[in-house]
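Reviewing the structure listed below.
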Number of protein chains: 2
Amino acid sequence: MAKPATIEDVASLAGVSIATVSRALNEPGKVADTTRRKVIAAVAQTGYTTNAMARNLRTRKSNMILILAPDVGDPNFSNILVGLETAASKRGYGILIGNTQNDPSRETDYLRFISSNQADGLILLTGHLPFGLAAQKPAVRLPPIVAVNEPLPDADIPFVGVDNVEGVRTAAEHLISQGHTRIAFLGRGASAIARMREAGYRKAMEGAGLRIDPSFVLECEGTTEGGRGAVERMFVRDRLPSAFLCVNDAAALGVIISLSARGYQLPRDFSVMGFDDISYASFVTPPLTTMKQPRHDIGAASMDLLLTMLEGIEPRSRQVLLRADLILRNSVAMHRR
Amino acid sequence: MAKPATIEDVASLAGVSIATVSRALNEPGKVADTTRRKVIAAVAQTGYTTNAMARNLRTRKSNMILILAPDVGDPNFSNILVGLETAASKRGYGILIGNTQNDPSRETDYLRFISSNQADGLILLTGHLPFGLAAQKPAVRLPPIVAVNEPLPDADIPFVGVDNVEGVRTAAEHLISQGHTRIAFLGRGASAIARMREAGYRKAMEGAGLRIDPSFVLECEGTTEGGRGAVERMFVRDRLPSAFLCVNDAAALGVIISLSARGYQLPRDFSVMGFDDISYASFVTPPLTTMKQPRHDIGAASMDLLLTMLEGIEPRSRQVLLRADLILRNSVAMHRR
DNA sequence: GATGCTGGTGTAAACCTTTTCATAAATCAT
DNA sequence: ATGATTTATGAAAAGGTTTACACCAGCATC
């Protein structure tokens, strides 16, 4: 029992050739009933399990997917991850994860997995092609790729994610439906996501015939600190909004903290909305009204897309947009005129 | 450029044998300077990159570590994950993750990675040996394993995690130092972690010569719901504690929500402590005083331990306990007598 | 001048599969 | 009964490395 059993052990025990063993296991239809039974008996007896390395070498497939994410610890990513994992595992694939921390050298480093055939496909949560895969012509041949969460700017890569502009538009329309007209958008930024979310905001305002006060659109990183800072900058002004629509929940959280610290009562004095529905959105005081990203579904859908691409099927559409759902909690109130 | 270059292409271009190429790449010392230069030039020209499958087949090593966790989306796990990933990647290993959801069949399924040589070692965040690895004698040969976060009950497997009893003891001592004597422990449970944390609580109480009111030790799942429920059960009693020490932050959160809903002012009326320092501990009102788990370090330490075991070195100690740090926020106040 | 090392290289085996191609047996049509 | 087709199997190649072993030249040792 020192060495694990090989296909030859099974073959000789079953009294057949190794080719037959292989077929009995992989294409049971192509083998006679009686021999198949002999083979599986021999497999059971030897405890044989096929050596994946040898198989992968021969078939030039690894049944592994490499996932590159800037920070796997980020709750937003980690939940997408479980969707990815579930879908992959359901189809017999394993996932290999790379935490890049947006470090170009780490991104490059991870490409070894694909250039050395250890991964058949690539899922990008980073918002850009890995450094080193970008401009070059043949250096590393592109495997099938799908971008998740954040679309890739230049490259023409299939994308799966939430419909950011529709989502934020829905959010803004909810605020408008509550009588708000002076709605600030906190989160203007350079990233694709920030731009799309701002676009959704503008679309809703325009659709309702509301003028956007330019001073109500603030640059703001999508972090708690960012939201805090934006509020501080806003309060040096004379005109104030009645509602804050934030680029994401983290920023909204900062806004709530900052407004509470200034002694305001929420949602009586101001309404606040976020986007994402991160786990603690429901634990803040007041509980945050927000748009829920279907993170698990996003993960599953992107993995499914990638795996069908791997099967050689061109995806019907190069973009899958999932709807964000409005989650009503208690950070938004009717506007008191 | 259709096929990727193989070692033979490099060899013939450099005018040497494939053995020399292999040596030039893997044991540069064993090859003459001039030939080594020829080889690396040829590598550069062909864009050669060694086929990992072939190498793994030959060397019987995959340079992969399988990580089994019940829920990768759990913020506690996902942060350990980045520590694991960082340490692995630093030493040239890749990580393969399996989300088991505590489903025995999924646990068994993931063993294929180790039985098929696709992973050299195993990290368990599950608190138990994977189903199917447990009782059997030879079925799957045990790879090097380290348990993280939660020790394995029966098996003698190296463990890395936070020192739960010392940690909770520190927490309890903090409450005692604030003048509290009637301290409830919410979180009695069957899991190893729950037991250790309860032990820390008892140790501190005993050390301070305080009697533990048995009705102050409550069963309670480590979830927000669990914490809520425990408070409700407690409030049918006539005697109430002045401080709640919770098995983890999630439960503490439930306690805070429940107490606030009953109209109490925190920390004036009751003090509350948690354990873990999950990300939103600082965002609750009042911000939660708790013990911080060094999650990143835990991940890194366990991966380091596993990798040294893989190198054939027996670990100096089969248990690494990291200290939890007291994080002072605002959910604990001096006891008003 | 024979002997023994040493450092550098090449040959070929081994790792374990999958799969092509050939062969033999069995089935079918005529 | 003959030839054509199908079905089931085996022999062997291919996949791309690493590495044990053999070899050879150069050099030091006695």
Side-chain angles (χ1 to χ4, degrees), chain A residues 2-40 42-43 46-64 92 112-118 120 141, chain B residues 2-40 42-43 46-64 92 112-118 120 141:
Chain A
K3 303 265 168 194
T6 80
I7 199 172
E8 295 209 51
D9 302 332
V10 177
S12 69
L13 185 61
V16 298
S17 77
I18 63 169
T20 303
V21 174
S22 174
R23 276 187 290 252
L25 266 35
N26 301 320
E27 325 163 88
K30 291 198 177 176
V31 106
D33 252 23
T34 75
T35 50
R36 183 173 58 245
R37 267 193 290 273
K38 277 189 297 189
V39 169
I40 57 181
V43 166
T46 55
Y48 170 73
T49 153
T50 120
N51 181 318
M53 317 271 66
R55 177 208 303 240
N56 294 345
L57 172 58
R58 181 60 228 251
T59 60
R60 297 159 160 286
K61 294 205 52 190
S62 62
N63 279 16
M64 288 282 168
R112 74 188 143 93
F113 286 116
I114 70 138
S115 66
S116 70
N117 279 318
Q118 276 183 110
D120 300 333
R141 294 183 315 158
Chain B
K3 302 267 169 192
T6 81
I7 199 173
E8 294 208 50
D9 301 333
V10 176
S12 69
L13 184 61
V16 298
S17 78
I18 63 170
T20 302
V21 174
S22 174
R23 276 189 288 254
L25 266 36
N26 300 321
E27 323 165 90
K30 292 199 175 174
V31 107
D33 253 24
T34 74
T35 48
R36 184 172 57 246
R37 268 194 289 273
K38 276 190 298 188
V39 170
I40 58 181
V43 167
T46 55
Y48 170 72
T49 153
T50 120
N51 182 317
M53 317 270 68
R55 175 207 306 238
N56 294 345
L57 172 58
R58 180 60 227 248
T59 60
R60 297 158 156 286
K61 295 204 51 190
S62 61
N63 279 16
M64 289 282 166
R112 74 189 143 93
F113 286 117
I114 71 138
S115 65
S116 70
N117 280 317
Q118 277 183 109
D120 300 334
R141 294 184 315 160

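Since this is a predicted model, take the numbers as computed values, not measurements. Scope of the values below: all heavy atoms of this structure, side chains included, with no hydrogens, waters or symmetry mates. Protein chains get the first letters and strands the later ones, always in sequence-line order, with residue 1 at the start of each.
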When every nucleotide of nucleotides 7-19 of chain D is labelled 5' to 3' by its protein contacts under 4.0 Å (heavy atoms), B for base, S for sugar-phosphate only, - for none, what sequence of letters results?
-SBBB-BBBBBBB
So, taking the atom named [atom1] in [X] and the one named [atom2] in [Y], what distance separates them when rounded to the nearest 0.5 Å?
X	Y	atom1	atom2	result
B:D33	B:K38	CG	NZ	12.0 Å
A:I40	A:R36	CD1	CZ	7.0 Å
B:Q118	A:Q118	CD	CD	9.5 Å

Give a yes or no on whether A:K30 atom NZ has more than 12 heavy-atom contacts from other residues, nucleotides or ligands under 6.0 Å away.
no
Expressed in angstrom and rounded to an integer, what is the separation of B:K38 atom NZ from C:dG8 atom P?
13 Å
With a 4.5 Å cut-off on side-chain heavy atoms, are B:L13 and B:V10 touching?
no
